[in-house]
Amino acid sequence: MTMKDSNERVPTPGELEKEIGEFLSKKFGNHVKLMPPVVLPRQEEADETTAASAASRSIDFDLKPQEMVAYLDRFIVKQDPAKSVLATKICTHFNRIRRFRDEGEEGSLNMVGSIKNNVLMIGPTGVGKTYMVKLIAKKIGVPFVKGDATKFSETGYVGGDVEDLVRDLVREADGDTELAQYGIIYIDEIDKIASSRNLVGADVSRTGVQRALLKPMEETEVDMKVPHDPISMLQEIERYRKTGKRDKSVLNTRHVLFIVSGAFQGLSDIVAKRMASRTIGFGASLPDTEQQGAWLRHVQAEDLIAYGFESEFVGRLPVRAIFETLTEADLLTILENPSNPVVLGKKLDFAAYGIDIKFEDRLLARFAEAAARENTGARGLVSAVEEALLPFEQQLPSLAVRTFAATETVVSQPKRLLAQIVAGEDCSMLDAAYERLADAEKERIARYVTDNWKGLCSRTALPFTPARAAAVAACYGRGVMELGTAVSRIQRYYEKIKDMELRFFKQYDINIVLEEGAVDYFLGQLAEGAASVDTVFEKMTGDFQYGLRLIMEKTGKNRFFLSAEAVLAPERYLNRLIKDELKQLS
């Protein structure tokens with residue numbers, strides 16, 4: 001190398017790679033290409049990644065069926081038999097898995113012939129089948145995938161789409177196959193793959209889908225890489241380049257729980273015909289007033305086979321849950337539930353524009369009445385609410401409106417009410433209506449919390465007082481949240497308030513004990529947004545630090561109980577305390 005060459009800039013590896021690549025391309029065309037080096041990670045790093053991933057896979061499931069039923073009661077109206085069936089069998093399924101994991105491969109769940117509690121849900125549309133399964137999956141904390149049986153019937157019966165549901169579990173688990181193998185696969189409209197009863201010969205497309213589901217529903221190993229899919233292969237190469245290891249390529253469905261559902265139109269007729277035929281000649285008769293839902297409670301495997309399912313498919317679904325039709329009263333109860341997604345969803349829609357909406361009870365009754373006429377269950381509630389509130393949702397965001405009272409006038413005289421708001425007339429009356437509905441909501445939520453405190457706080461150490469029910473209601477009314485979220489927030493406030501006792505002692509060497517009344521007062525302030533934990537502590541410091549220290553120096557006493565009266569009138573409390581302590585000394 002000459003001196004001149006040494007003074008020139010040294011080319012970067014990328015520039016060298018480019019020049020060599022151009023040279024090879026000119027000399028050999030497209031027959032020879034330069035591939036960049038693949039840098040594999042050290043084995044130790046890969047092991048650390050695997051260990052960290054394994055640590056995140058632990059499943060700590062210890063829910064009892066009654067606890068699950070209490071949880072579902074907070075969200076689902078009616079359907080008590082279905083709640084009982086699903087809560088019991090799903091809790092049993094996951095508790096068996098927990099025991100199996102504790103015992104290892106020698107566990108009892110590993111025995112030959114072990115049968116999974118796959119569930120078949122039967123009921124009309126809009127009664128809460130999908131909602132219930134989603135709630136359970138959320139409570140348990142396992143991956144959840146929902147599929148539609150009609151998709152399988154449209155694409156054929158090869159079974160690839162069935163296995164795609166298993167692969168989706170892995171995606172829902174962020175690639176954690178260990179966690180995915182304990183997931184839940186939910187298939188809706190399963191009645192659509194029943195073979196047609198008026199078809200001569202086998203309905204191959206539908207029975208083929210049933211057969212494709214047989215192995216995954218029991219136990220099989222599903223390849224995580226889709227055959228002949230170049231994207232899947234490239235992803236596998238990329239993962240190997242990063243980790244230096246081949247990921248687990250199969251997932252065993254032994255622990256995957258399958259839940260299927262459908263409306264099963266016409267199944268009640270098959271059940272009624274079977275039961276009627278068995279009573280002929282015995283002098284028995286069936287009541288004419290039996291509803292379709294009542295017939296479905298007597299469904300048996302032979303009825304499902306007559307409906308168009310293969311006997312092997314029915315055998316994979318040993319647990320059956322029957323859902324009841326919802327009445328107008330049931331629909332109103334749904335709307336009155338503090339955690340119902342219909343009202344909360346509409347609150348979120350208006351909150352997106354900074355508008356807080358409150359609903360009148362009479363308006364909710366009108367929504368329930370309109371939904372009952374549609375005969376589509378809870379889905380009809382969404383249609384009724386959207387139809388009534390859409391004009392307001394369209395125009396109010398463009399106005400200087402921050403609160404909206406959704407009264408019965410929304411349905412009876414929507415144009416007049418909207419014109420009144422647009423014109424800005426009688427704003428005081430509209431504000432008064434909003435305040436009235438806000439107060440009514442607080443009272444309703446406080447009553448609900450009082451009646452359901454045990455279920456809402458089953459896993460917290462928060463003791464009940466009427467003031468805490470009011471605090472939950474106040475917290476709920478200040479934002480858009482499920483009631484359980486409001487309860488959890490009050491629980492956190494309670495813990496932080498109790499922590500102030502230790503914080504006060506560490507900073508000032510004074511031992512204070514907040515009585516329940518004082519805790520309730522602070523909870524109310526935090527729930528209403530009138531103060532924060534830090535401002536409460538600062539005020540308590542300013543009110544009590546010097547006075548209590550003076551008493552401590554004069555009397556040697558270092559333990560003080562602060563009641564609600566004390567925090568409301570600290571000066572009077574300290575004066576009385578000083579007098580009492582001096583009397584005892586004299």
Side-chain angles (χ1 to χ4, degrees), residues 113-125 129-130 133 145-169 183-223 226-228 250-254 256-275 277 292 295-296 298-323:
S114 179
I115 299 175
K116 285 194 297 183
N117 294 322
N118 294 327
V119 182
L120 169 63
M121 301 192 303
I122 301 174
T125 182
K129 298 188 295 295
T130 302
V133 177
V145 168
K146 179 180 181 293
D148 194 333
T150 56
K151 174 184 175 183
F152 305 144
S153 60
E154 290 170 1
T155 56
Y157 59 94
V158 176
D161 289 322
V162 173
E163 294 187 350
D164 281 344
L165 288 175
V166 180
R167 297 185 186 102
D168 288 342
L169 274 182
I184 294 177
I185 291 179
Y186 172 56
I187 304 176
D188 196 12
E189 298 193 20
I190 199 68
D191 50 326
K192 300 300 190 295
I193 64 169
S195 59
S196 180
R197 297 188 296 277
N198 55 8
L199 179 67
V200 179
D203 192 347
V204 180
S205 63
R206 297 183 178 184
T207 57
V209 176
Q210 296 178 36
R211 290 168 187 164
L213 280 164
L214 293 181
K215 286 186 177 181
M217 289 173 66
E218 189 172 57
E219 179 182 357
T220 191
E221 290 191 341
V222 176
D223 192 348
V226 183
H228 313 298
V250 296
L251 186 142
N252 191 296
T253 63
R254 174 173 50 180
V256 175
L257 185 65
F258 280 78
I259 301 177
V260 302
S261 70
F264 288 87
Q265 293 289 338
L267 179 60
S268 58
D269 297 334
I270 295 175
V271 178
K273 183 178 179 180
R274 171 180 57 80
M275 296 183 68
S277 65
Q292 290 187 354
W295 291 118
L296 290 176
H298 303 287
V299 68
Q300 296 182 2
E302 60 183 289
D303 303 318
L304 294 169
I305 293 171
Y307 191 80
F309 286 102
E310 299 280 309
S311 58
E312 295 86 354
F313 184 79
V314 175
R316 300 297 196 281
L317 298 165
V319 181
R320 300 182 192 113
I322 310 301
F323 285 69

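The figures here come from the full heavy-atom set of this structure, side chains too, leaving out hydrogens, waters and symmetry mates.
Remark: the backbone N or O of Asp191 is not paired with any side-chain donor or acceptor of Tyr307 at under 3.5 angstrom. Of the possible polar contacts, one joining the Lys116 side chain to the Val256 backbone as a donor-acceptor pair under 3.5 Å is found. A donor-acceptor pair under 3.5 Å is formed between the side chain of Gln210 and the backbone N or O of Gly308. Within the 3.5 Å criterion, the main-chain N or O of Phe323 finds no donor-acceptor partner in the side chain of Lys129.
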Practice problem: Report the C-alpha separation of Val299 and Leu304 in whole Å, then their side-chain angles, then the decisive distance to 0.1 Å, and conclude whether the side-chain contact (heavy atoms from CB on, under 4.5 Å) test is met. | Solution: CA-CA 8 Å; Val299 68; Leu304 294 169; 4.3 Å; yes
Self-check item: Intermediate values then yes/no, side-chain contact (heavy atoms from CB on, under 4.5 Å), Leu257 and Ile259
Solution: CA-CA 7 Å; Leu257 185 65; Ile259 301 177; 4.2 Å; yes
Self-check item: side-chain contact (heavy atoms from CB on, under 4.5 Å) between Arg320 and Val314, intermediate numbers included
Solution: CA-CA 10 Å; Arg320 300 182 192 113; Val314 175; 3.8 Å; yes
Quiz item: Checking side-chain contact (heavy atoms from CB on, under 4.5 Å) for the pair Val250/Val222: CA distance, chi angles, key distance, verdict?
Solution: CA-CA 5 Å; Val250 296; Val222 176; over 6 Å; no
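Between Pro124 and Ala263, the shortest heavy-atom distance links the atoms CA-CB, 4.4 Å. Here the closest heavy-atom approach between residue Arg254 and residue Asn252 is recorded as N-OD1, 2.8 Å. Between Met121 and Val133, the shortest heavy-atom distance links the atoms CE-CG2, 3.4 Å.
The line from OG1 of Thr220 to CD of Glu218 is 9.5 Å long, rounded to the nearest 0.5 Å. Going from atom CZ of Phe264 over to atom CG of Asp303 covers 11.5 Å, rounded to the nearest 0.5 Å. Rounding to the nearest 0.5 Å gives a distance of 5.5 Å between CG of Leu213 and CD1 of Ile193. Taken to the nearest 0.5 Å, the CD atom of Gln300 stands 10.5 Å off from the CD1 atom of Ile305. Atom NZ of Lys273 sits about 8.5 Å away from atom CD1 of Ile270, to the nearest 0.5 Å. One distance of note links CD of Glu163 with OG1 of Thr253; it measures 9.5 Å at 0.5 Å rounding.
Side-chain contact check for Thr207 versus Val209: every heavy-atom pair is 4.5 Å or farther apart. Between Leu169 and Arg167 there is no side-chain heavy-atom pair separated by less than 4.5 Å.
Applying the side-chain hydrogen bond (donor to acceptor under 3.5 Å, both in side chains) rule to Thr130 yields the partners Tyr186; only residues at least two apart in sequence or on another chain are considered. With sequence neighbours left out, the side-chain hydrogen bond (donor to acceptor under 3.5 Å, both in side chains) criterion links Asp188 to Ser261. When the side chain to side chain contact (heavy atoms under 4.5 Å, CB included) test is applied to Leu214, the partners found at least two apart in sequence or on another chain are Arg211, Glu312, Phe313, Arg316. Every residue two or more places apart in sequence or in another chain was checked for a side-chain hydrogen bond (donor to acceptor under 3.5 Å, both in side chains) with Asn118, and none qualifies.
Annotation for Lys215: atom NZ does not count as buried by contact number, only 12 or fewer foreign heavy atoms lying within 6.0 Å.
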